[in-house]
Amino acid sequence: MQAHFQDLKGKKVLVTGALRGIGRGVACALASNGAHVVLGYRSRPEKAQELCEALRSLGAEEAHPLRFDVSEYAQVKEALEGYVKEHGPLSGVVNNAGLSRDTLLLRLKEEEIHTLIDTNLKGSLYVIQALSRSLLKSSEVSIVNISSVIGLMGNSGQTAYAAAKAGILGMSKSVAKELGGRGIRCNAICPGFIETDMTKALDPKTKELYCSQIPLKRFGHTEDVSNLVLFLISQASSYITGEVIKIDGGIYI
Ligand code: NAP
C-alpha cells in the first residue's frame, strides 16, 4: 500500500542511488506524491533519462537526473552546488546510495574497506555538507539517511559495512543537533533485509535462515521502506529529528 502525503506535492527532493532497489522505490513513491525528484545516479545516463520519464508519468512535478559518484568529494560538490545554483535549494534529501561486500575480516582487503566506508558513510556526509549552505535558505527541510540494522546489531562478514552504517547514526544525530535550530531535520532509518539486487546475491539457504529469524517471516519490500521515507520527508513527521527508526520485520527486537 502506497502512502500519500499532500505536502510532498512540488517538494524538491534528492534521492541518491535512485536507479535501482530502494532508491528507485523511493523516487517512484515521491513521484506518485507529486514531488520534484532529483535523481542521483553514477552511471548509465540513458537509464536515468528513462526513469525520469517514468517518474513524470507517475505524477512527478519534475524529474531531473544528476550524475555524481557519492564517494568522490569533488564530484558531489560540483554536481550539487551546480544544481542548486541553477534550480534553487532542495528541501528534502534521501541519502540512499550504498553497497555491501560480504567478506570475513581475515580476507578483507584495504581497497574494500575504503570502498565500503567511502560509499556508505562518507558519501552521505559529502552530500549533506555540499548542500548545507543552500538548505539553510529552504524551509521544511528533511534529510533521511539510509543506514541498516547491521549498523545496530553487527554481522559476521560485514564489519566494514557495519562500521559505515553505524557511523551514519552518529552523523545523523550530529546534523540534527547542529541544524535543528535552522529548521532542518535529520533522521536515519535502519532497514532489515529488503528484496533488492543487494539481497538477491544471498544463497537460498542463507535467505531461509534469515527469514526464520524475522518475526514477520519475510524480507521487506522496497515499498515498506519508501512509505517510511515519505513520512519522514513530509511535515507529517515535523517533530521527529535525530531519530533512528528500524524497518526490519522485527529481526532486531
Ligand atoms: P542496490 O539495489 O544494490 O542499489 C544500490 C544503489 O546505490 C544503486 O543505484 C547504485 O548505483 C548506487 N550506488 C552504489 N555506489 C554508489 C556510488 N559510489 N555513487 C552513487 N551511487 C552509488 O541496493 P539497495 O538494496 O537498494 O540498498 C539501498 C540502500 O539501502 C543502501 O545504502 C543499503 O546499504 C541500504 N540497505 C539495504 C538493505 C537491503 O536489504 N537491501 C538493508 C539495509 C540497508 P549503480 O546502479 O550505479 O550500481
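Read the numbers this way: they start at 1 and go in the same order the structure lists the ligands and their atoms.
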**Subset of ligand 1 atoms that lie under 4.0 Å from at least one heavy atom of Phe193** = 40 (O)

**Prompt:** What is the closest protein heavy atom to atom 21 (N) of ligand 1, and at what distance does it sit?
**Reply:** Ala97 CB, 3.5 Å

**Asked** Quick one: which ligand 1 atoms are inside 4.0 Å of a heavy atom on Thr119?
**Response** 15 (N), 16 (C), 18 (N)

**Asked** Just checking, is any N or O donor in the side chain of Tyr126 or Gln75 under 3.5 Å from an acceptor N or O on the other one?
**Response** no

**Asked** Cation-pi between Lys207 and Phe219: NZ/CZ under 6.0 Å from ring centre and within 45° of the ring axis?
**Response** yes

**Prompt:** Which residue supplies the protein heavy atom nearest to atom 36 (N) of ligand 1, what is that atom called, and how far is it?
**Reply:** Tyr161 OH, 3.7 Å

**Asked** So, Glu62 and Arg56, do they make that salt bridge, N to O below 4.0 Å?
**Response** yes

**Asked** Heavy-atom distance to atom 44 (C) of ligand 1: which of Ala164, Ser147, Gly98 wins?
**Response** Ser147

**Message:** Give me the nearest non-hydrogen protein atom to atom 18 (N) of ligand 1 as residue plus atom name, then the distance to 0.1 Å.
**Reply:** Asp69 OD1, 2.8 Å

**Cys190 and its side chain to side chain contact (heavy atoms under 4.5 Å, CB included) partner, picked from Leu169, Ile245, Ile247** = Leu169

**Item:** Side chain, backbone, both or neither: Arg24 near ligand 1, heavy atoms under 4.0 Å
**Value:** neither

**Request:** Could you list which atoms of ligand 1 come closer than 4.0 Å to a heavy atom of Met198?
**Result:** 23 (O), 25 (O), 27 (O), 33 (C), 34 (O), 37 (C), 41 (N)

**Item:** Heavy-atom proximity to atom 43 (C) of ligand 1, best of Ser71, Pro191, Gly17
**Value:** Pro191

**Item:** Numbered atoms of ligand 1 (with element) below 4.0 Å of Ser43, judged on heavy atoms
**Value:** 47 (O)

**Asked** Heavy atom of Gly123 under 4.0 Å from ligand 1?
**Response** no

**Asked** In chain order, what residues pass the side chain to side chain contact (heavy atoms under 4.5 Å, CB included) check against Thr206, with sequence neighbours excluded?
**Response** Leu202, Asp203, Tyr210

**Request:** Look at ligand 1 and say whether Arg44 reaches it with a heavy atom at a distance under 4.0 Å.
**Result:** yes

**Prompt:** With the threshold set at 4.0 Å, does a side-chain nitrogen-carboxylate oxygen contact exist between Arg218 and Asp224?
**Reply:** yes

**Item:** Any Gly25 heavy atom less than 4.0 Å to ligand 1
**Value:** no

**Fill in**
heavy-atom search around atom 11 (O) of ligand 1 in the protein gives Arg42 NE, 3.7 Å

**Complete:** Taken in chain and number order and not counting sequence neighbours, the residues that satisfy salt bridge (Lys or Arg N to Asp or Glu O under 4.0 Å) with Lys47 are Glu50

**Asked** Looking only at heavy atoms of Ser100, does any of them come nearer than 4.0 Å to an atom of ligand 1?
**Response** no

